[in-house]
Structure formats: C-alpha cells, structure tokens
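All remarks here apply to the structure that follows.
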Amino acid sequence: MIQLMAAGKPLSNIYDVIVVGSRCAGSPTAMLLARKGYRVLLVDRATFPSDTISTHIVHPLAVAALRRWGLADALAATGCPPIATYGFDFGTFMLAGAPGTADEPVAYCPRRIILDKLLLDAAAAAGAEIREGFVVEEVVAEEGRVVGIRGRSQRGTSITERAAVVVGADGRNSIVADAVAPEKYNERPALLAPYYMYCSGLPMDGRYETYMLRNRGLAAAPTHDGLTIVIVAWPLSEFAANKRDLERSVLAVIELAPEFAARLRAAKRETRLFGIPTPNYFRKPHGPGWALVGDAGYIRDPITAQGIRDAFRDAEACALALDQSFAGASSYEHAMGNYQRARDSSVMSMYEFTCQFATLQPPPPEMRQLFRAMRGNQQAMDGFARMNAGTVSPAEFLARDNISAMMAAASARNDH
Ligand SMILES: Cc1cc2nc3c(=O)[nH]c(=O)nc-3n(C[C@H](O)[C@H](O)[C@H](O)COP(=O)(O)OP(=O)(O)OC[C@H]3O[C@@H](n4cnc5c(N)ncnc54)[C@H](O)[C@@H]3O)c2cc1C
C-alpha cells in the first residue's frame with residue numbers, strides 16, 4: 001500500500017491506483033499494476049461484454065504486447081482469424097506484404113465486445129477490483145493534487161474512493177483530463193468521416209485489404225463469427241452532405257473498387273453503419289496524483305488503426321513508471337516525464353503519417369513512383385505493410401537510403 005502525504009499529513013488511501021475506463025488502455029494498466037502487487041480499483045460505466053464505436057485492427061506489435069502479458073493465445077482461442085497479409089490495391093496494381101516480424105507475424109481484427117472483455121477478465125484475474133456500471137462524476141482533488149474519484153455505482157449509490165494516483169483511461173471524452181486540464185499540443189483538426197459495417201459471406205483469405213482511392217478510404221478485414229468488417233471514409237468536409245444519404249454515399253465509395261464491390265454484392269450485410277470522426281492531439285499525460293493512458297492522453301485519426309497498439313504501449317509504460325515511483329526507484333515527476341517523452345517520440349512519425357494519410361489527398365509524384373517501384377519486390381512490399389502496421393516507423397521506411405535501395409532494385413529489374 002502506497003502512503004500518500006499532503007502538507008506533511010498522511011492521507012488514508014484504500015487504493016494505490018484507481019483506473020477509470022476498462023478497455024484497451026485501462027484494463028492492461030490495471031492488470032500490470034495488480035500483477036506487481038498494488039491495490040487497484042478499475043471502474044467503467046459500461047458493463048461487459050460491451051461494444052464501442054471502433055473498428056478493431058490489432059497490428060502485430062499489439063499482438064506482441066498481448067503475448068508478453070500471456071493473453072495472445074486466449075485471443076487466438078476466441079476463433080478470430082489471423083491476418084498474415086496487408087494488401088494495398090492501387091487500381092492498376094496491388095502491393096501485398098507481411099505486416100509483422102518473424103516472431104510476431106500476424107495481426108487480428110477481434111470484435112471489441114470480445115477483446116475488451118478478455119482484457120477486463122485478465123485485470124480481474126490479476127487481482128484488480130472491478131466495478132462495472134460505475135459512472136465517475138467527479139475527480140476529487142485536495143491541495144492541488146488529485147486524490148480520488150466520486151461516482152455512482154450501478155445501484156445508484158454515490159461513492160467516493162481515494163488513491164495515490166488516478167489513471168484516466170476513459171477515452172476521448174475523459175472526465176479525468178477535463179478535471180485536470182492538461183496541456184494539449186500538436187493539435188490538428190479532425191480530418192475524416194469514417195463508417196463501418198459487418199458482412200457475412202465475404203471471405204478475406206487472411207488479408208486486410210485497403211483500396212487506395214482518390215479522396216476516399218475503403219478497407220476490409222476478417223473478424224469473429226465469419227464476419228468481415230467493411231470500412232469507408234471521406235473527408236470531414238463532406239460529413240454533412242454525405243450524411244443526408246449515408247447508404248448511397250457508402251455504396252458510391254465501394255463502387256470505386258469494382259472487384260471488391262462485386263464480392264460485396266454476393267455477401268450479406270449484417271449490421272447498420274457505425275462511425276464517428278476523431279480529433280488529433282496529444283495531452284500531457286501526468287500531474288500530481290493523476291495520469292492519462294490511451295485516447296485520453298493521445299488521440300489520432302483511425303485511418304492507420306494505431307489506437308489499440310498505442311493504448312497497450314501506454315499501459316505498459318505508465319504501469320512501469322508508476323511502479324518505479326511507488327518503489328522509490330525514481331521520483332514521480334521523473335518517471336512520468338520519461339513516460340511522456342517515450343510516448344511522444346515513439347508515435348510522432350506515425351502521427352505525422354496518419355494526419356497526412358487522413359487528408360486522403362493523392363500522394364506526390366515521387367511517392368507514386370515509389371509505389372510503382374515496389375511492385376514485385378517482396379521485401380519492399382513487406383516493408384510497406386510493416387510501415388502501415390506500425391511495425392517499422394514511417395521515418396524508417398521512408399528514409400532516403402531505403403527509398404534509394406527500392407528505386408535501384410526496380411531499375412535493376414527493369415534492366416533485366
Ligand atoms: C471509427 C473508429 C475506428 C477505429 N479503428 C481502430 C482500429 O482499427 N484499430 C485500432 O487500433 N484502433 C482503432 N480506433 C481507435 C481505438 O478505438 C481507440 O484508440 C481505443 O479504443 C482507445 O482505447 P481506450 O481504452 O483509451 O479508450 P476507450 O476505448 O474509449 O475506453 C474508454 C472507457 O472509459 C469509460 N469511461 C469514460 N468515461 C467514464 C466515466 N465518466 N466513468 C466511468 N467510465 C468511463 C468508457 O465507458 C469506456 O469503456 C478506432 C476509433 C474509431 C473512432
């Protein structure tokens with residue numbers, strides 16, 4: 001039990017850490033801290049299994065995190081089909097590569113109703129106390145420091161709980177972030193209006209397909225129960241106009257990829273359309289008595305499907321930093337400052353790439369030349385798939401030397 005002091009007086013904490021929000025960021029944070037022996041309370045206003053508005057590509061590096069935590073086999077056992085290939089259809093040609101590494105070759109696209117429950121159960125198994133249907137209404141602060149939460153239980157009882165640190169894993173509309181008003185930086189406007197639906201009878205052969213269309217996004221991936229998720233997007237500037245006849249607007253995007261459209265016509269639509277635009281920004285993720293993980297601390301457009309992996313990385317890094325500070329190995333400020341710096345430096349290149357990709361603007365001529373040069377070069381196509389998965393950073397893949405090597409390989413092939 002961590003003993004917190006304020007103005008020289010000990011504060012009585014029941015918990016070391018309270019985590020608000022129990023999906024991709026919150027449950028792993030709670031699990032990892034509970035496994036270290038800390039007393040953790042994990043609350044969420046939802047009751048699980050619970051779905052959320054999100055598509056759910058889980059790139060290989062996120063699968064690697066699940067494996068480190070002993071949960072990758074449990075995910076595979078849910079019957080979610082593995083995805084070994086990412087295909088990028090440019091209309092006249094296709095780039096198809098492997099998104100992962102030799103150690104972690106595949107991605108998954110698990111329904112959130114299944115993934116989030118698996119993560120919550122793992123937190124409970126680690127010893128975290130779970131309260132579902134618990135709505136946090138207020139973040140309690142004393143003498144300039146967060147000391148707990150006040151909320152309403154499933155039965156409607158108002159409850160206050162105290163902890164050394166309150167972690168906001170409560171997503172884009174984080175009540176914890178609202179309460180502490182952290183610095184916001186690298187902010188960009190929301191760029192895309194994404195929508196998705198589920199279809200049966202649309203086999204994907206273990207592929208995540210993306211169609212590179214002018215001014216439009218289209219992608220599909222296999223998920224649980226023989227379903228395929230189909231995702232479309234257009235610039236946010238067209239949000240209002242296209243919403244007037246959403247169905248027709250979605251079908252118009254799909255028709256831009258005639259072969260895919262034909263496959264979809266033979267399939268069965270199983271759900272309505274879901275969707276929500278996403279802003280882009282970073283928040284300072286720590287302060288006296290509080291921390292932020294996942295979307296609460298850093299949010300980016302879903303076009304590169306990085307959110308779950310980012311949430312997992314935050315959970316690991318934040319839990320480590322809190323452990324270091326609780327154990328006295330490092331001051332809270334120092335450990336949490338490292339957490340913030342590592343987060344920002346590891347995501348920055350992908351953040352820039354994501355914000356650029358989400359404009360849906362055609363790539364510049366030199367990039368189009370590079371795409372053509374990659375055709376038939378499996379190593380280059382694997383690299384491209386890995387960049388899109390976040391296995392390698394865009395800065396690394398698009399480094400001058402790598403581009404020169406791919407262009408030289410294409411010239412050599414043409415000479416033959
Ligand atoms: C359309 C769309 C498509 C996406 N596609 C992908 C994708 O393919 N791959 C990918 O990796 N990412 C994707 N993302 C991003 C991904 O959904 C998020 O990054 C991820 O869900 C963040 O997880 P989180 O745990 O931080 O927050 P959330 O998943 O938002 O969870 C927050 C939790 O906090 C709880 N909560 C909030 N406020 C309170 C309160 N006051 N009291 C109690 N509980 C509270 C909520 O009930 C919720 O359960 C997509 C997002 C969108 C919008």
Side-chain angles (χ1 to χ4, degrees), residues 18-30 41-63 65 83 107-113 115-117 119-120 123 131-139 149-154 166-179 190 192-197 208 210 217 219-221 223 229 231-233 273-280 283 285 292-315 318 347 350 354 358 388-390:
I18 295 172
V19 181
V20 183
S22 65
R23 293 189 189 269
C24 298
S27 286
T29 305
L41 172 64
L42 176 59
V43 302
D44 201 300
R45 64 182 167 209
T47 53
F48 291 80
S50 157
D51 212 345
T52 185
I53 303 280
S54 168
T55 70
H56 31 77
I57 303 293
V58 174
H59 293 301
L61 285 188
V63 179
I83 299 172
Y108 289 92
C109 185
R111 295 292 299 265
R112 290 291 297 266
I113 201 165
L115 176 67
D116 293 2
K117 173 76 172 137
L119 295 169
L120 181 76
R131 285 190 213 161
E132 300 178 47
F134 186 99
V135 184
V136 176
E137 295 173 323
E138 195 186 336
V139 173
I149 55 167
R150 185 167 301 126
R152 208 168 10 88
S153 73
Q154 216 164 357
V166 172
V167 176
D170 46 349
R172 58 169 64 205
N173 299 316
S174 166
I175 192 172
V176 178
D178 276 358
L192 276 188
Y195 292 93
Y196 62 94
M197 60 187 178
Y208 171 37
T210 299
T223 182
I229 188 168
I231 310 160
V232 301
L273 290 162
F274 307 91
I276 186 174
T278 296
N280 300 283
R283 283 178 172 137
L292 301 175
V293 289
D295 279 7
Y298 160 55
I299 188 160
R300 80 317 290 139
D301 192 276
I303 194 160
T304 47
Q306 294 295 313
I308 295 169
R309 190 236 156 166
D310 286 339
F312 287 179
R313 188 212 45 248
D314 279 5
C318 183
V347 302
M350 181 54 91
T354 300
N388 281 277

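Just follow the structure's listing: the first ligand is 1, and inside any ligand the first atom is 1. For the single chain, residues carry numbers from 1 onward in sequence order. Quick note: numbers below take in every heavy atom, side chains included, and nothing from hydrogens, waters or symmetry partners.
Protein heavy atom in closest approach to atom 30 (O) of ligand 1: Gly171 CA, 3.6 Å. Among all protein heavy atoms, the one lying closest to atom 29 (O) of ligand 1 is Arg112 NH2, 3.1 Å. For atom 23 (O) of ligand 1, the nearest protein heavy atom (residue, atom name, distance) is Cys24 CB, 3.9 Å. The single protein non-hydrogen atom nearest to atom 39 (C) of ligand 1 is Arg45 NH1, 3.8 Å, given as residue, atom name and distance. The single protein non-hydrogen atom nearest to atom 9 (N) of ligand 1 is Ile57 O, 3.0 Å, given as residue, atom name and distance. Annotation: atom 25 (O) of ligand 1 to nearest protein heavy atom, Ala25 N, 3.0 Å. Ranking the protein heavy atoms by distance from atom 28 (P) of ligand 1 puts Arg23 CD, 4.0 Å first. The protein heavy-atom contact nearest to atom 42 (N) of ligand 1 is Val136 N, 2.9 Å.
At least one N or O atom of Asp295, backbone or side chain, sits closer than 3.5 Å to an N or O atom of ligand 1. In terms of polar-atom proximity, defined here as any N/O pair under 3.5 Å, Ile308 does make such a contact with ligand 1. The shortest N or O to N or O distance between Arg172 and ligand 1 is not under 3.5 Å. Polar contact with ligand 1: absent for Tyr196 (N/O pair, distance under 3.5 Å). Of the polar atoms of Arg309, none of the N or O atoms is found under 3.5 Å from an N or O of ligand 1, judged by distance alone. Residue Gly26 has no N or O atom closer than 3.5 Å to an N or O atom of ligand 1.
Using a 4.5 Å heavy-atom threshold, the side chains of Leu119 and Arg23 count as separate. Annotation: side chain of Tyr108 is not in contact with side chain of Ile308 (no heavy-atom distance under 4.5 Å). Taking the side chain as every heavy atom from C-beta outward, Asp44 and Glu132 never approach each other to under 4.5 Å. Using a 4.5 Å heavy-atom cutoff, the side chains of Phe134 and Ile149 are in contact.
In Val58, neither the side chain nor the backbone holds a heavy atom less than 4.0 Å from any atom of ligand 1.
The shortest heavy-atom contact between Ile229 and Thr223 is N-CG2, 4.3 Å. Counting all heavy atoms, side chain and backbone alike, Leu61 lies closest to Gly390 at CD1-O, 3.4 Å. Taking each heavy atom of Asn280 and Asp301 in turn, the nearest pair found is OD1-N, 2.7 Å. Heavy atoms only, all atoms of each residue included: Pro302 and Pro194 are closest at CG-CG, 4.3 Å.
Between Val43, Asp116, Asp44, it is Asp44 that holds the heavy atom closest to atom 47 (O) of ligand 1. Summarising the contacts of atom 15 (C) of ligand 1 with Gly297, Gly390, Gly307, Ala305, the nearest heavy atom is found in Gly307. Of the candidates Asp170, Leu292, Ile231, Asn173, Asp170 brings a heavy atom nearest to atom 37 (C) of ligand 1. Among Gly21, Ala107, Ser54, the residue whose heavy atom lies closest to atom 17 (O) of ligand 1 is Ser54. One option in Ile229, Thr55, Leu192, Val293 has a heavy atom closer to atom 6 (C) of ligand 1 than any other, and that option is Thr55.
Heavy atoms of Ala169 approach ligand 1 to within less than 4.0 angstrom. Judged by the shortest distance from any of its heavy atoms, Glu137 lies outside the 4.0 Å radius around the atoms of ligand 1. Within the structure, the closest approach of Arg152 to ligand 1 does not fall below 4.0 Å when heavy atoms are considered. The shortest heavy-atom distance from Phe134 to ligand 1 is under 4.0 Å. A heavy-atom separation below 4.0 Å is not found between His59 and ligand 1. Taking 4.0 Å as the cut-off, Thr278 counts as a neighbour of ligand 1 on heavy-atom distance.
A salt bridge links Arg300 with Asp295: the closest approach of a Lys/Arg side-chain nitrogen to an acidic carboxylate oxygen falls below 4.0 angstrom.
To the nearest 0.5 angstrom, Ser54 atom OG is 6.0 Å from Tyr196 atom OH. If you take CG on Asp314 and OG1 on Thr29, they are separated by 7.5 Å, rounding to the nearest 0.5 Å.
Judged by distance alone, with hydrogens and angles left aside, the side-chain atoms of Arg112 form no donor-acceptor pair with the main-chain N or O of Ile53 at under 3.5 Å. A donor-acceptor pair is defined here as one N or O able to donate and one able to accept, closer than 3.5 Å; such a pair exists between the side chain of Ser27 and the backbone of Ser22. Of the possible donor and acceptor atoms, one in the side chain of Asp170 sits under 3.5 Å from a partner among the backbone N and O of Val176. A donor-acceptor contact shorter than 3.5 Å is absent between the side chain of His56 and the backbone of Ile113.
Looking at Thr278 and Arg172, their side chains do bring a donor and an acceptor atom within 3.5 Å of each other.
For ligand 1, the atoms sitting less than 4.0 Å from at least one non-hydrogen atom of His56 are 7 (C), 8 (O), numbered in the order shown with element in parentheses. Near Ile53, meaning under 4.0 Å from one of its heavy atoms, ligand 1 places the atoms 52 (C), 53 (C).
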